[in-house]
Amino acid sequence: MSALFALVDCNNFYASCERLFQPRLRHRPVVVLSNNDGCIIARSNEAKELGIGMGDPYFKHKNFLRRHGVAVFSSNYALYGDLSWRVMTVLEQMEPAVEIYSIDEAFVRLPPLCGSTAAMQARQLKERVDTCVGIPVAVGLGRSKTLAKLAARIAKKKNLGVFDLEHCREQQALLAAVTVGDVWGVGRRSVKKLNLQGIYTALDLQKSDTQRIRRTFGLPMARTVVELGGTACLSLEKCPASRKSIVSSRSFRQPVTELRDLSEAVSSYISIAARKLRDQGLVATNLHVFLATSRFRSDIPRFSGSRMVSLEQSTSCTSTLIKAGVRTLKALYERGYPYNKAGVMLTGLCRSDICQQSLFAPKNTKQQAALMGALDQVNDRWGKDVVRYASSGLSRSWCMKQARKSPAYTTNWSELPMVRA
DNA sequence: TCTGGGGTCCTAGGACCC
DNA sequence: TCTGGGGTCCTAGGACCC
């Protein structure tokens with residue numbers, strides 16, 4: 001008997017968080033809005049029953065929400081982050097193998113258990129989170145992550161709390177009842193293509209030819225097919241890979257045309273991104289600035305572009321980044337466009353304690369070889385990892401190639417030693 | 001000078017996820 | 001009038017270099 005995956009998924013997470021502090025909203029519909037109160041990004045079950053869609057623009061529903069007595073909240077990410085941490089801590093206290101997948105979901109590996117024991121264990125997880133944090137969760141059990149996701153979906157849909165797809169007799173019938181677009185990893189674009197090939201349900205996809213899917217849709221989709229068949233391709237990642245990019249961007253309430261105003265906006269986004277960078281103990285090598293006009297307006301000129309600047313030295317210093325960012329913005333800016341959105345992205349991220357001592361950005365293959373040589377000497381165990389880590393100032397493709405060459409390559413950076421090149 | 005292969009860098013965009 | 005923000009991975013083409 002092999003191990004089972006459990007997916008613990010918080011129900012309507014943001015809405016549940018708001019409700020936690022206002023119990024009077026218990027049976028009332030609740031929605032939470034995105035930044036700028038632009039879109040609806042979380043809905044309680046009652047709000048879903050009213051027909052409010054995920055991502056719907058707030059302005060279109062404003063009157064409707066008022067008429068139906070829906071409680072509306074602007075988002076409070078600090079609160080959600082804190083409650084998420086509490087939920088994850090409870091899970092980690094109960095089980096040794098937990099992967100925090102997103103702010104409101106975690107995969108848990110359960111040891112091989114017989115049917116009733118697995119469900120019982122899942123129920124204990126659910127009850128503990130409920131008691132200790134007060135956030136309702138659904139738990140799905142399956143032989144792969146994809147099946148666990150599907151099971152959690154069924155648990156929510158049928159209001160079961162816990163659902164074990166592995167020890168369930170009607171597995172095939174249940175898969176046949178799930179449309180293929182509701183399978184984890186199958187997006188809107190692929191649904192159309194799959195339908196053209198006669199694949200409409202999760203069961204159809206499970207029964208399809210893996211090689212053909214691989215050729216038509218690529219590796220990730222082929223993995224989904226195998227996972228649906230009960231073979232785990234995706235493992236539990238206890239230590240999350242380190243960040244590869246940090247983004248800070250916003251849409252404007254009104255179109256912005258002046259460079260001065262855009263500079264102000266970009267500077268403030270850089271401050272936010274640099275703060276995140278420092279909080280995570282990282283430095284960045286590249287800064288991207290991007291600008292775009294509204295994608296919903298056909299009556300005004302369209303523009304969307306980005307520009308990157310490589311920094312002379314990896315840094316997390318706000319003023320250095322702002323100077324570079326404003327220069328880059330000037331190069332990107334074109335007069336006459338009503339810009340609707342701007343943002344910045346930091347890439348070439350590297351842990352600051354390693355980077356400050358060892359990183360120099362090699363300009364050619366000779367320098368690359370020298371860097372690799374120096375870092376390889378650290379020791380066999382860490383060498384390749386450090387190379388990839390310390391070389392984040394290099395191009396992505398070069399790093400990937402180095403990483404692939406190493407069979408022992410891992411993405412677990414948590415115990416990396418300090419290095420001097 | 002011509003020729004070609006192999007490689008990187010950059011930009012852009014597609015697809016997926018929460 | 002108003003339509004989110006933050007991620008990952010992959011692909012492709014043009015410019016450029018050795």
Side-chain angles (χ1 to χ4, degrees), chain A residues 7 9-10 12-14 31-42 53-63 74-75 77 80-81 84 100-106 145-146 149 181-194 217-221 223-224 234 237 240-255 269 272-273 276 286 288-290 292-297 299-300 303-310 328 331-332 338 340-349 361-368 393-401 411:
Chain A
L7 177 74
D9 191 348
C10 300
N12 316 323
F13 185 54
Y14 296 170
V31 298
V32 178
L33 307 178
S34 64
N35 273 355
N36 276 351
D37 293 348
C39 289
I40 292 163
I41 53 167
M54 178 66 171
D56 282 356
Y58 175 48
F59 74 89
K60 283 190 181 168
H61 284 303
K62 209 167 181 174
N63 291 332
S74 296
S75 42
Y77 294 106
Y80 312 148
S84 169
I100 300 172
Y101 174 66
S102 72
I103 193 162
D104 65 341
E105 283 172 73
K145 282 183 170 179
T146 306
K149 279 282 253 187
D182 289 329
V183 173
W184 187 42
V186 181
R188 217 181 311 158
R189 300 287 178 137
S190 302
V191 170
K192 284 183 191 163
K193 271 170 79 181
L194 286 165
F217 295 89
L219 186 58
M221 187 70 81
R223 280 202 191 113
T224 300
L234 308 167
E237 310 268 340
S242 106
R243 281 255 165 287
K244 295 185 175 71
S245 64
I246 290 175
V247 172
S248 173
S249 69
R250 296 283 182 278
S251 295
F252 306 131
R253 276 179 191 274
Q254 305 289 338
Y269 304 153
I272 295 167
K276 284 188 199 167
N286 304 316
H288 306 244
V289 177
F290 50 91
T293 55
S294 172
R295 56 200 167 101
F296 298 101
R297 299 275 299 271
D299 55 325
I300 54 174
F303 175 89
S304 169
S306 75
R307 197 166 275 259
M308 188 197 80
V309 58
S310 292
T328 313
L332 177 65
N340 164 264
K341 181 175 180 164
V344 300
M345 177 163 72
L346 297 168
T347 59
L349 306 185
K363 297 275 187 282
N364 52 43
T365 45
K366 262 189 198 164
Q367 286 186 11
Q368 285 170 0
L394 303 174
S395 78
R396 182 173 159 276
S397 53
W398 190 80
C399 294
M400 297 280 285
K401 201 177 291 173
T411 50

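In what follows, chains carry the letters A, B, and so on, assigned in the order in which the sequence lines appear, proteins first and then strands, with residues in each chain numbered from 1.
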**N/O donor-acceptor pair under 3.5 Å between A/Ser310 side chain and A/Asn286 backbone** = no

**Message:** Can you tell me which nucleotide in C/dG5, C/dG7, C/dT3 comes closest to the side chain of A/Ile246?
**Reply:** C/dG7

**C1' atoms of C/dC16 and B/dG4, separation to the nearest Å** = 15 Å

**Item:** pair A/Leu7-A/Glu105: side-chain heavy atoms closer than 4.5 Å
**Value:** yes

**Prompt:** Would you call the rings of A/Phe252 and A/Tyr269 parallel, tilted or perpendicular if under 30° counts as parallel and over 60° as perpendicular?
**Reply:** parallel

**Request:** Write down the distance between CE (A/Met308) and P (B/dA12), rounded to a whole number of angstrom.
**Result:** 12 Å

**Prompt:** Are A/Arg295 and C/dG4 close enough that a side-chain N or O sits under 4.0 Å from OP1 or OP2?
**Reply:** yes

**Request:** Under 4.0 Å between any heavy atoms, over every strand shown, what does A/Ser190 touch: base, sugar-phosphate, or nothing? Just pick one.
**Result:** sugar-phosphate

**Request:** Considering just the side-chain nitrogens and oxygens of A/Asn340, establish if one lies under 4.0 Å of OP1 or OP2 belonging to C/dT3.
**Result:** yes

**Prompt:** Are A/Leu194 and A/Phe217 side-chain neighbours, meaning at least one heavy-atom pair lies under 4.5 Å?
**Reply:** yes

**Complete:** Closest of C/dT3, B/dC10, C/dT8 to the A/Ser310 side chain is B/dC10

**Prompt:** Considering only side-chain heavy atoms of A/Lys244, which listed nucleotide, C/dC9, C/dG5, C/dG4, is closest?
**Reply:** C/dC9

**Asked** Just by distance, do the side chain of A/Ser294 and the backbone of A/Phe296 share a donor-acceptor pair under 3.5 Å?
**Response** yes

**Request:** Examine B/dA15: is either OP1 or OP2 under 4.0 Å from a nitrogen or oxygen in the side chain of A/Arg189? Give yes or no.
**Result:** yes

**Prompt:** With distance as the sole test, does A/Ser249 use its side chain to make a donor-acceptor pair with the main-chain N or O of A/Gly343 at under 3.5 Å?
**Reply:** no

**Complete:** Between A/Asn35 and A/Ser245, whichever has its closest DNA chain C nucleotide further toward 5' is A/Asn35

**Message:** Whole angstroms only, please: what is the CZ-C1' distance between A/Phe303 and B/dA12?
**Reply:** 12 Å

**Request:** For A/Tyr58, answer base if it contacts any base atom (sugar-phosphate contacts may also be present), sugar-phosphate if it contacts only those atoms, and nothing otherwise; contact means non-hydrogen atoms under 4.0 Å.
**Result:** nothing

**Item:** Under 4.0 angstrom between A/Ser34 side-chain N/O and C/dT3 OP1 or OP2
**Value:** no

**Asked** Does C/dG5 have OP1 or OP2 sitting under 4.0 Å from an N or O in the side chain of A/Lys276?
**Response** no

**Request:** Would you indicate what A/Phe217 reaches in the nucleic acid, counting non-hydrogen atoms under 4.0 angstrom: base, sugar-phosphate, or nothing?
**Result:** nothing

**Asked** A/Ser306 has a side chain; which of C/dG6, B/dG13, B/dA12 sits nearest to it?
**Response** B/dA12

**Pairing nucleotide - C/dC18, Watson-Crick or G-U, each distance under 3.5 Å** = B/dG5

**Asked** With respect to the phosphate group of C/dG6, does any side-chain polar atom (N or O) of A/Ser249 fall under 4.0 Å of OP1 or OP2?
**Response** yes

**Message:** Could you tell me how far apart A/Lys62 (NZ) and C/dT1 (P) are, to the nearest whole angstrom?
**Reply:** 15 Å

**Request:** Please tell me which of the listed nucleotides, B/dT11, C/dG5, C/dT3, lies nearest to the side chain of A/Lys60?
**Result:** C/dT3

**Request:** Remember a base hit wins even if backbone is also touched, and classify A/Lys193 as base, sugar-phosphate or nothing at under 4.0 Å, heavy atoms.
**Result:** nothing

**Prompt:** Of all the choices, C/dG7, C/dT3, B/dC18, which nucleotide is nearest to the side chain of A/Trp184 once you look at every atom?
**Reply:** B/dC18

**Fill in**
To the nearest angstrom, the CG-P distance between A/Asp182 and B/dC16 comes to 13 Å

**Request:** Pick base, sugar-phosphate or nothing for A/Asp104, based on heavy-atom distances below 4.0 Å to the nucleic acid.
**Result:** sugar-phosphate

**Prompt:** When we call it a touch if two heavy atoms are under 4.0 Å apart, what does A/Gln254 touch: a base, just sugar-phosphate, or nothing?
**Reply:** nothing

**Request:** Could you tell me how the ring of A/Trp184 sits relative to the ring of A/Tyr101: parallel (under 30°), tilted (30 to 60°) or perpendicular (over 60°)?
**Result:** perpendicular

**Request:** Would you indicate, yes or no, if C/dC2 has its OP1 or OP2 atom less than 4.0 angstrom from a side-chain nitrogen or oxygen of A/Arg297?
**Result:** yes

**Asked** Can you tell which of C/dG6, C/dT3, B/dC10 lies closest to the side chain of A/Cys39?
**Response** C/dT3

**Message:** If you assign A/Phe296 and A/Pro220 each to the DNA chain C nucleotide with the nearest heavy atom, which residue ends up on the more 5' nucleotide?
**Reply:** A/Phe296

**A/Arg307, nearest nucleotide to its side chain (from B/dC18, B/dC16, B/dT11)** = B/dT11

**Prompt:** Side chain of A/Lys341: nearest nucleotide among B/dA15, C/dG5, B/dT11?
**Reply:** C/dG5

**Request:** Could you check which of B/dC16, C/dG4, C/dG7 has an atom nearest any side-chain atom of A/Arg243?
**Result:** C/dG7

**Prompt:** Is any side-chain N or O of A/Ser248 closer than 4.0 Å to OP1 or OP2 of C/dG5?
**Reply:** no

